[in-house]
Amino acid sequence: MNSQKRRDFLKLCIASVPALVFAHGVDADDTTGPAAALPVYRKPGSLERYIDPLPVPKRLMPQSTGEDGAQYRVRMLEFTQRMHSQLPPTRLWGYEGQYPGPTIEALRGTPIVVQWENHLPLRHIFDIDPRIHGAMPPAPAVRTVPHLHGSRSPSESDGLPEKWFTPGQSARYHYPNSQAAATLWYHDHAVGITRLNVYAGLSGFFLLRDDEEHAMNVPSGDYEVPLVLQDRTLDDEGQLVYSPTFDDGQKPPQHWWAPELFGDLPVVNGAIYPYLQVEPRRYRLRVLNAANSRFFNLFFNLAKSPTDIPSLVSFHQIGTDGGFLSNPVALNKVLLAPAERADLIVDFSGLEGKTVTLSNNAPAPFPGWDTITPHHLALLELMQFRVTLPLSSNGKSFSMPPPRPLPKLDETKSIATRDFVLAEGMDRQGRSLGLEINGKGYDDPVTEVVKLGSIEKWRFINNTEDAHPMHLHLVQFQILQRQGFNPVSLRKGNLELVGIPRLPAANEAGWKDTAVVNPQEVLTIIARFEGYTGRYVFHCHMLEHEDHDMMRPFEVVSDELKSPQR
Ligand code: C2O
Ligand code: CU
Ligand code: CU
């Protein structure tokens with residue numbers, strides 16, 4: 001049965017079978033013979049939890065080695081994959097036909113080249129809102145451009161939103177890997193449709209390693225597990241639905257943009273409610289929030305159900321977006337906004353036979369101060385760890401990373417402070433018309449010109465009701481502080497800071513490329529703009545916001561070009 005026929009058949013089943021559970025006919029992809037058991041499909045709302053093992057994305061191997069480094073080839077493909085064993089296969093887009101994409105591993109100081117090829121069909125899985133800049137006709141529906149998030153790469157290889165290419169086209173990107181070991185990730189960045197391309201499945205891990213990491217005795221191999229957290233909504237046929245909403249929970253007219261997307265099912269490494277069997281020992285979990293809009297406030301819970309009194313397993317955070325922290329930080333919960341990463345060590349020893357549920361209590365939207373009644377499902381659970389494997393006999397015992405120096409960028413060396421007011425335009429019913437930075441959209445001329453090698457402070461002034469995870473390309477920055485401001489004086493054009501400045505929490509006091517600015521708050525970061533000259537971008541990483549239009553370019557220029565002849 002081809003997939004169209006199967007979909008029609010499923011429609012028939014759904015129409016004619018009132019019960020939630022129904023069997024369906026013989027299907028070429030999931031039957032080994034006439035005697036094989038027929039799969040029992042369920043509606044997405046009634047899927048059994050924790051019956052599928054956690055998939056771990058395969059590592060991508062290079063095709064060859066060239067003068068400019070190992071050569072990788074990554075094809076973007078449309079394919080189907082099961083997200084849960086009680087669902088039929090879901091149509092997806094993915095790098096190398098996988099969701100999430102294969103993991104690329106690289107070594108500091110060893111450049112690699114990736115040939116990114118667009119082999120997607122000419123029709124998009126989702127409807128495009130043609131009113132959004134960059135997605136207006138005659139822009140083709142299917143456009144992609146991959147970005148290596150968190151990397152310091154030349155502008156031509158950064159995956160700028162307007163450098164998209166269409167099916168049949170490709171791009172060759174050079175990644176110098178001249179930065180510390182970190183959990184990086186790659187994802188699509190095409191202007192005006194990033195939210196749709198990533199939602200379709202275009203994201204994957206890029207683990208950058210270095211000698212310092214190799215010298216540590218942190219868990220590795222089977223004991224190092226990457227976890228990409230997302231949320232998705234599926235229809236009764238198990239197919240992706242992209243259905244964004246306004247702050248009041250209402251849906252926009254069909255095909256139109258709206259400011260947030262909350263899926264009603266948790267997806268970890270491409271699977272819905274998976275489980276992982278673990279040994280009673282330390283594991284390193286490299287956690288990435290790759291959801292469109294959803295924040296996760298994560299904790300490890302021994303309680304049987306989310307309504308029981310939680311019994312938390314404490315853990316350590318050893319790394320942030322851009323690398324290792326100076327010291328492991330003991331935590332009970334960790335907040336991850338879209339695009340943030342947390343490198344965690346969780347110790348399952350002493351928990352033999354127990355089940356630990358990766359749980360979440362972040363409201364959607366976040367922080368939701370203005371909403372008394374939530375409009376969206378909170379995804380209270382994501383996956384299970386079952387401490388059921390015996391301690392492997394040859395298993396060595398892993399340790400925490402040793403303390404390491406983490407030099408602070410010197411505030412007195414900062415040569416400029418730039419202010420960015422984040423605002424949301426509203427119609428008469430209080431519904432979002434789009435977001436902006438300093439009253440500008442992405443297409444407005446460049447206003448930020450930064451000298452190569454210089455240190456600057458950037459202040460994000462959040463004049464909206466939502467928290468925004470602000471992300472800069474090219475750099476890893478440090479958080480200096482967060483502080484309230486007086487909205488009345490801001491309306492008159494003055495930034496008046498009020499209240500006590502808050503320093504970053506211990507687990508944020510490392511290298512970051514994405515940081516949360518809460519409503520009615522100013523986030524101050526400091527960065528050194530080193531590496532390359534050229535065009536880069538910064539934006540909110542809630543993909544709905546980024547697409548419309550909370551994104552701006554910046555330009556890094558060489559000092560020499562500007563100064564008079566020597
Ligand atoms: Cu994760 Cu501009 O990117
Ligand atoms: Cu990025
Ligand atoms: Cu935002």
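Whatever order the structure lists them in is the order used to number ligands and atoms, beginning at 1.
- Residue L288 is tested with R341, E340, H149, H187 for a side-chain contact (heavy atoms from CB on, under 4.5 Å); the sole match is R341.
- Here H541 fails the criterion, with no N, O or S atom under 2.8 Å of the Cu ion (ligand 3).
- For residue H189, no N/O/S atom approaches the Cu ion (ligand 2) to within less than 2.8 Å.
- For the pair NE2 of H189 and NE2 of H539, the angle whose vertex sits at atom 2 (Cu) of ligand 1 is 100° to 10 degrees.
- Taking the six-membered ring where tryptophan is involved, the planes of W185 and H541 are tilted, since the angle between them lies from 30° to 60°.
- For a distance bound of 2.8 Å, the N, O or S atoms of H147 include none lying that close to atom 2 (Cu) of ligand 1.
- In summary, H471 places an N/O/S atom under 2.8 Å from the Cu ion (ligand 2), meeting the contact criterion.
- Screening H473, E156, E555 against R535 for a side-chain hydrogen bond (donor to acceptor under 3.5 Å, both in side chains) leaves a single residue, E555.
- Closest to the Cu ion (ligand 2) among the N, O or S atoms of H147 is NE2.
- Of the candidates E546, H468, H545, E546 is the only one forming a side-chain hydrogen bond (donor to acceptor under 3.5 Å, both in side chains) with H539.
- The closest approach of H468 to the Cu ion (ligand 3), by N/O/S atoms, is made by ND1.
- Look at E521 and R502 and you find a salt bridge, because one of the NZ, NE, NH1 or NH2 atoms lies within 4.0 Å of a carboxylate O, short of that distance.
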